[in-house]
Amino acid sequence: MAKYQKLLEPFNIGGVEIRNRFVMLPMTTEMVDNYYITDSIVDFYEERAKGGTGLLELGSAYISDCFNATPKYHTTTGAAGIWDDSFVPGLARIADACRKHGAKSAVQLQLCYEWRATDADELKSYAPSKDVPSGPFVGMPECEYTKEEIAIVVKQYGEAARRAKEAGFDIIEIHAGIGYMVMRFLSKYSNHRTDEYGGTPENRARLLTEILDEVHRVCPDMPVLVRISADDLMPGGNRIEDTLELIPIIEKHGVDAWSVQAGFHEAPRPVANQIVPEGEFIDLAKQVKTVTSKPVFPGTRINTLDLCDKVVTQGYGDAVGMARQ
Ligand SMILES: Cc1cc2nc3c(=O)[nH]c(=O)nc-3n(C[C@H](O)[C@H](O)[C@H](O)COP(=O)(O)O)c2cc1C
């Protein structure tokens, strides 16, 4: 096969055909206005769809109300919102801009460190376990999720998925990586719960599997992609062996593709900046591929066509994820 040819072949995520193997990873570009989509972010996506990218991921889109609050962490402020129906027309502009140029679109549903059930509640930092910091810059969590609150979170994901479908996105992504809330439940580092949401792999995966069940219940025809840190690089956290155990458990609840990254933001080593060697984490995706038949793609510091070609021709992934490049 001629060099680079495989990169130009289509592939399929849950019945959605993607015209080539290039995925633009989600980026909170902060080109939003009080969580609403702006002209500049629509242009940003349209330019990249025009440029030929196969799948463009909008990220992130917050599932819990952040209006009129003073969040402690900037990821929450720079994100798009998807917790209210008033966001749908703006989100639809992104999906339309991708479709117009033959690209497919995904939206990343996000819950970081702060959460509230309704706009009548205070936005507070949450965690699976109160003895582990909520995340970088946030400090110790004010609250540990109760089971009743987890049930509300799950419903919020379902409502967000409905809005994603109404906006015309092709694929829904659940962010379960880099130490945000879903990953904090998955990880042995941050989840010390003793109820059915902690302990065994099944229990640590329960928040995610309940979210998947709810998303599929609300949007039965929408493909779902999960982004996961296959080694979370945290002391006592999930190593690749843990992830290989988790993947089949999670997949029973319907996952159409896996986006593989590494680390928590607060990991004791760089996880995404320029100090990270090129292609540092592609082997994690290769290992994930040993336990799933669904498409898998690595991301992080994949910056050259030769490395992209290596990924898809030498079994590291079915596609390549790139953000800054
Ligand atoms: C400005 C910026 C914002 C980002 N926001 C998100 C995000 O909201 N969700 C996410 O999963 N990853 C986010 N990322 C991480 C990227 O998806 C990607 O994993 C990271 O940039 C490494 O890939 P790269 O070397 O191709 O840039 C962001 C990255 C950048 C540079």
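When a ligand or atom number is given, it counts from 1 through the structure's own listing order. Everything numeric in this text was worked out from a predicted model, so none of it was measured.
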Q: Applying ring pair (Phe, Tyr, Trp, His ring centres under 6.0 Å), name anything that partners F87, two or more places apart in sequence or on another chain.
A: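 F87 satisfies ring pair (Phe, Tyr, Trp, His ring centres under 6.0 Å) with Y36, F67, W83 only.
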
Q.
Using the ring pair (Phe, Tyr, Trp, His ring centres under 6.0 Å) criterion, which residues pair with Y126? Sequence neighbours excluded.
A.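 Expected list: W115, Y145.
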
Q) So which of L25, V23, T28 gets nearest to atom 1 (C) of ligand 1, if we judge by its closest heavy atom? A)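 Nearest option to atom 1 (C) of ligand 1, by heavy atoms: T28.
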
Q. Out of R227, Q108, M24, M27, whose heavy atom sits nearest atom 12 (N) of ligand 1?
A.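 Selected option, by shortest heavy-atom distance: R227.
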
Q: Give the atoms of ligand 1, by number and element, whose distance to some non-hydrogen atom of G59 is under 4.0 Å.
A: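 Listed by number with element: 8 (O).
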
**Q.** M322: numbered ligand 1 atoms lying under 4.0 Å from its heavy atoms
**A.**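 By the 4.0 Å cutoff, the relevant atoms are 26 (O).
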
Q: For the residue pair E142 and S125, confirm or rule out a side-chain donor-acceptor distance under 3.5 Å.
A: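 Side-chain D/A pair, E142 to S125: present.
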
Q: Indicate, as side chain, backbone, both or neither, the part of Q110 found under 4.0 angstrom from ligand 1 when only non-hydrogen atoms are considered.
A: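 Neither part.
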
(Q) Taking 4.0 Å as the limit for heavy-atom contacts, which would you say applies to Q325 with ligand 1: side chain only, backbone only, both, or neither? (A)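 Near ligand 1, Q325 shows nothing, with every heavy atom at 4.0 Å or more.
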
(Q) So that I can tick it off, tell me whether E280 and R269 are bridged by a salt bridge, with the cut-off set at under 4.0 angstrom between side-chain N and carboxylate O. (A)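 A salt bridge links R269 with E280.
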
Q) Is R184 positioned over the aromatic face of Y180, cation under 6.0 angstrom from the ring centre and no more than 45 degrees off axis? A)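 R184 over Y180 ring: no.
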
Q. Under a heavy-atom criterion of less than 4.0 Å, does T300 contact ligand 1?
A.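 Contact present.
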
Q. Any donor and acceptor pair, going by atom type alone, linking the side chain of R19 with main-chain N or O of T53 inside 3.5 Å?
A.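 It does hold such a pair.
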
